[in-house]
2 protein chains.
Amino acid sequence: MELDDLDWKLLDLLQRDGRMTFTELAKRVSLSAPATTERVRRLEHAGIVTGYAAVVDPQRLGLPIEAIVRVRVRSLDTPRFRERVVTMAQVRDADHVTGDDCWLLRVVCRSTIELEEFVEQAQRYGDTTTSLVFSSHARNRPVTREIFGGIVSR
Amino acid sequence: MELDDLDWKLLDLLQRDGRMTFTELAKRVSLSAPATTERVRRLEHAGIVTGYAAVVDPQRLGLPIEAIVRVRVRSLDTPRFRERVVTMAQVRDADHVTGDDCWLLRVVCRSTIELEEFVEQAQRYGDTTTSLVFSSHARNRPVTREIFGGIVSR
DNA sequence: AGTGAAAATGTAGCGTA
DNA sequence: TACGCTACATTTTCACT
């Protein structure tokens with residue numbers, strides 16, 4: 001699918017405010033509401049926009065501890081690890097990656113004690129390295145056309 | 001702020017579908033639309049819901065390479081690192097963490113060549129370790145009450 | 001791109017615990 | 001006092017042309 005300036009603008013607006021109405025979106029891109037809706041539907045059907053989500057602050061929900069747990073899972077244990085650890089509610093992100101630490105988990109907890117308990121579970125499947133998150137300077141930053149170095153299509 | 005079952009249900013629904021209408025939300029929690037809207041507004045004003053965002057698939061946007069770059073930034077260089085690297089459009093997540101690798105960056109790129117160019121930039125501020133993401137098994141999984149082990153309040 | 005029907009939203013006033 | 005309900009006016013969405 002080929003994207004033009006307007007599509008990128010819509011993607012940008014929706015990544016920043018996923019609840020913006022089509023009327024408002026239309027105003028921002030200087031298009032009619034039906035035309036705008038049509039474009040957004042196309043982005044959804046093309047699998048470019050895969051959904052919409054409320055962004056919540058775990059801190060305010062009583063989950064002040066955030067950590068990245070790297071786990072070097074023994075390959076034979078991978079199925080059980082996915083089943084028993086990756087599925088735990090504390091896990092917000094789980095990526096299988098290259099390199100020595102084959103799994104990277106982002107977890108949120110109520111306390112360091114609960115983090116310890118989580119890490120103990122993960123330890124059963126391989127060696128772990130845990131880093132506490134001091135501060136997040138970017139979280140789910142919008143994907144923009146800037147990544148392409150300002151190259152223009154169409 | 002004290003959350004009851006209904007608030008958690010609303011948080012869950014909105015994290016899964018951030019564009020759900022208040023009428024639909026109301027139906028799902030068996031409440032009137034105005035009462036539902038009121039509760040969501042309270043969650044927003046309390047800073048629990050910080051926003052809404054469209055979820056996009058970088059793959060479909062021509063960004064097939066995703067990587068986690070760990071950077072051991074020399075503390076004197078941190079301000080410039082934040083200014084010159086963390087702000088780059090490729091960076092979707094940037095966390096300052098404890099441990100040897102003080103920064104964790106999640107980046108998306110068009111190619112391994114562009115990833116290499118990115119890492120070269122990051123290298124100017126400290127040693128790096130790069131892991132390519134094979135697959136993501138969880139991404140921004142909703143924060144649910146399950147994390148609290150099924151404890152009920154109110 | 002414009003139009004009209006249907007649906008969703010926001011506001012106000014009332015009732016209940 | 002806090003919370004939810006109904007009713008109504010306004011805005012938005014959707015299926016047409």
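Note: hydrogens, waters and symmetry copies are ignored here, and every other heavy atom, side chains too, is used. First the proteins, then the strands, lettered A, B, ... as listed; each starts at 1.
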Checklist outcome for this item: Sequence neighbours excluded, the answer for side-chain hydrogen bond (donor to acceptor under 3.5 Å, both in side chains) partners of B:Ser136 is A:Asp95
Next on the checklist: Over 60° means perpendicular and under 30° means parallel, so tell me whether B:Trp103 and B:His96 are parallel, tilted or perpendicular.
Outcome noted: parallel
When the distance from [atom1] of [X] to [atom2] of [N] is rounded to whole Å, what number comes out?
X       : N      : atom1 : atom2 : answer
A:Arg39 : D:dT13 : CZ    : C1'   : 19 Å
B:Leu10 : D:dC3  : CG    : C1'   : 14 Å
B:Asp4  : D:dA2  : CG    : P     : 16 Å

Next on the checklist: Running the 4.5 Å side-chain criterion over Ile, Leu, Val, Met, Phe, Trp and Tyr, what cluster does B:Val55 land in, apart from itself?
Outcome noted: none
Next on the checklist: Between A:Asp12 and A:Arg16, does any side-chain N to carboxylate O distance fall below 4.0 Å?
Outcome noted: yes
Checklist entry - Is A:Arg80 salt-bridged to A:Glu83, cutoff N-O under 4.0 Å? => result no
Checklist entry - By a strict heavy-atom criterion of less than 4.0 Å, which residues belonging to residues 24-33 of chain B are in contact with DNA chain D? => result B:Leu31, B:Ser32
Which protein N or O atoms sit under 3.5 Å from an N or O of nucleotides 14-17 of chain D?
residue : atom : partner : partner atom : Å
D:dC14  : OP2  : A:Arg41 : NH2          : 3.1

Next on the checklist: Walk me through whether A:Glu38 and A:Arg42 qualify under salt bridge (Lys or Arg N to Asp or Glu O under 4.0 Å).
Outcome noted: CA-CA 6 Å; A:Glu38 170 74 19; A:Arg42 272 180 56 223; 5.6 Å; no
Checklist entry - Is there a donor-acceptor contact under 3.5 Å linking the side chains of A:Glu44 and A:Tyr52? => result yes
Checklist outcome for this item: Sorted by chain and residue number, the side chain to side chain contact (heavy atoms under 4.5 Å, CB included) partners of B:Thr112 (sequence neighbours excluded) come out as B:Ile65
Item to check | B:Val71 vs B:Asp127 side-chain heavy atoms within contact, under 4.5 Å | outcome: no
Item to check | Whether over 12 other heavy atoms sit under 6.0 Å from A:Arg84 CZ | outcome: no
Checklist entry - Mind checking which nucleotides bracket the chain B contacts on DNA chain C, 5' to 3', with an atom under 4.0 Å from a heavy atom? => result C:dA8 to C:dT11
